[in-house]
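When a ligand or atom number is given, it counts from 1 through the structure's own listing order. Any value given below was found using the heavy atoms of this structure, including those in side chains, with hydrogens, waters and symmetry copies removed.
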Amino acid sequence: MKLIGTVPEMETVDVNEAIDHAAAAFKDFRKTLPRERARMLRKWYDLMLENKEDLATLITWENGKPTADALGEVNYAAAFLEWFSEEAPRLYGDTIPTAVAGNRVVTIKQPVGVCALITPWNFPAAMVTRKLGPALAAGCTVVAKTPSETPFTALALGELAQRAGIPPGVVNFVTALDHTPAIGQLLCEHPTIKKLSFTGSTNVGKLLMKQSSSTLKKLSFELGGNAPLIVFDDADLETAVTGAIASKFRSSGQTCVCANRLYVQSGIYDKFAEKFAEKVKGFKVGSGYEKDITHGPLIHGRAISKVEQHIKDATSKGAQVLVGGQRLPDIGENFHQPTVITGVTSDMAIAGEETFGPVAGLFKFDTEEEVIKAANNADVGLAGYFFTKDVQRAWRVAEALEVGMVGINTGIISDVASPFGGVKLSGFGREGSKYGIDEYVAIKTMTFGGVQHVL
Ligand SMILES: NC(=O)c1ccc[n+]([C@@H]2O[C@H](COP(=O)([O-])OP(=O)(O)OC[C@H]3O[C@@H](n4cnc5c(N)ncnc54)[C@H](O)[C@@H]3O)[C@@H](O)[C@H]2O)c1
Ligand SMILES: O=CCCC(=O)O
């Protein structure tokens, strides 16, 4: 491990200052024309693309993902700025047919105010812009707590925001590691902050919700997942293997929508396991900067330990390692082999909690009814995937899965245009898409009374 730089360990006093700046800036920013905000966001988007190599280098530096993935993330992250630059001028209200004679009712959407944003390390750029884009499009100003493990990309985005002409005080980043809980509490309890948007673990989400109760903030929470991925006997094998690989091993398993439980029907299980294992054997793990590397390191020691625990727990209960299963200390302390385990059952730790690492556990099932029950046997519900050629089954299973997002015959569902979010303990609120901006506005109803008919 090497030191690549340092950022200030900010105190609550610094955060209070950032909140004051955001509150002062809000007075004018809320009055800017949506079209002006659209231009700023568009300029910021253009600057991200102009600087995409540098941003990708930063992402690989601090997160470790291979350069190709980092470049992919920059494009994905920038797309949220482009998308919301297009949404800003279309923040329509409604005219509402009234139930009261003589009244006319219209609604307008107004920015909620100063927003607090807290994001994780797994997408150092995209999780930031997925919140900042809609917040600014709506006319809000923000205080964003950078991920403790990956602050540099967010700070670079802040620099580009300035160059894009976003007025001082509109975007404020705060950096911290040890002071994170105190800063989180301040952001939740501060009366000036009207909205908190958080992406991270369910446990921290629960804490932030509790802390926000005294100020009754508007909240959106994108929390942990434990995605089921189901392969039915009637699936196209090649499509299912490709989709499962893409979903399970994206960012070395460190995304909240990564498949965590792979349920494969008994008639196709052996063939699927064989083909899937073949593909995994072809991965090349190493430093994100090396050519042809497909998978980088995990983020920290705790992540590696969890991977090891899940493998150990599963094998102690009868599962078999088909591929991988070991750390790769010769490459570095946070590297682990992409791993496939067969014979996984519901009593194993991997069934109940997300591994957030490169371990694919294959469960065997017999009936559709049985697998839906197993897939829904989770306290979280973010993403789910399944593979089938039967269109009736496709509707039936998609409707039955208790998740916010379903991939049908695909392992990749993330798209700036698609609503992103979960149900159950995966949180609430939707990001991206035409719905994302709603998280940052308050609807105001205007009722005009005493309107007479003239005709
Ligand atoms: N649903 C989604 O969109 C989504 C996206 C990415 C990650 N995640 C989830 O995030 C988790 C992985 O990220 P993590 O382990 O870094 O999560 P985490 O909850 O520990 O941290 C997320 C962010 O919250 C901050 N944080 C931690 N404790 C805090 C506190 N007490 N007060 C305020 N802020 C605090 C961290 O510094 C970080 O910036 C996984 O569970 C994953 O599924 C969800
Ligand atoms: O890890 C969480 C977000 C991943 C995504 O947007 O696809």
Next on the checklist: So is V257 touching ligand 1 or not, going by heavy atoms under 4.0 Å?
Outcome noted: no
Item to check | Non-hydrogen atom of F221 closer than 4.0 Å to ligand 1 | outcome: no
Item to check | T202 N/O to ligand 1 N/O under 3.5 Å | outcome: no
Checklist entry - Out of I299, L208, T119, whose heavy atom sits nearest atom 32 (N) of ligand 1? => result L208
Item to check | For atom 4 (C) of ligand 1, the option (of A182, G225, C256) bearing the nearest heavy atom | outcome: C256
Item to check | atom 12 (C) of ligand 1 [closest protein heavy-atom partner, distance rounded to 0.1 Å] | outcome: F356 CE2, 3.7 Å
Checklist entry - Within 45° of the six-membered ring axis of F363 and under 6.0 Å from that ring's centre, is NZ or CZ of R261 located there? => result no
Checklist outcome for this item: If you scan protein heavy atoms around atom 1 (N) of ligand 1, the nearest is L223 O, 2.7 Å
Checklist outcome for this item: If you scan protein heavy atoms around atom 15 (O) of ligand 1, the nearest is W121 NE1, 3.9 Å
Checklist entry - Looking at L382, which atoms of ligand 1 are within less than 4.0 Å of one of its heavy atoms? => result 1 (N)
Checklist entry - Does any donor atom in the side chain of K424 or S426 lie under 3.5 Å from an acceptor atom in the other side chain? => result no
Next on the checklist: Heavy-atom distances under 4.0 Å decide this one: backbone, side chain, both or neither, for Q185 against ligand 1?
Outcome noted: neither
Next on the checklist: Yes or no: does F123 have any heavy atom under 4.0 Å from an atom of ligand 1?
Outcome noted: no
Item to check | Proximity of E431 to ligand 1 by residue part, where a heavy atom lies under 4.0 Å | outcome: neither
Next on the checklist: Test your reading of the structure: does N122 have an N or O sitting under 3.5 Å from an N or O of ligand 1?
Outcome noted: no
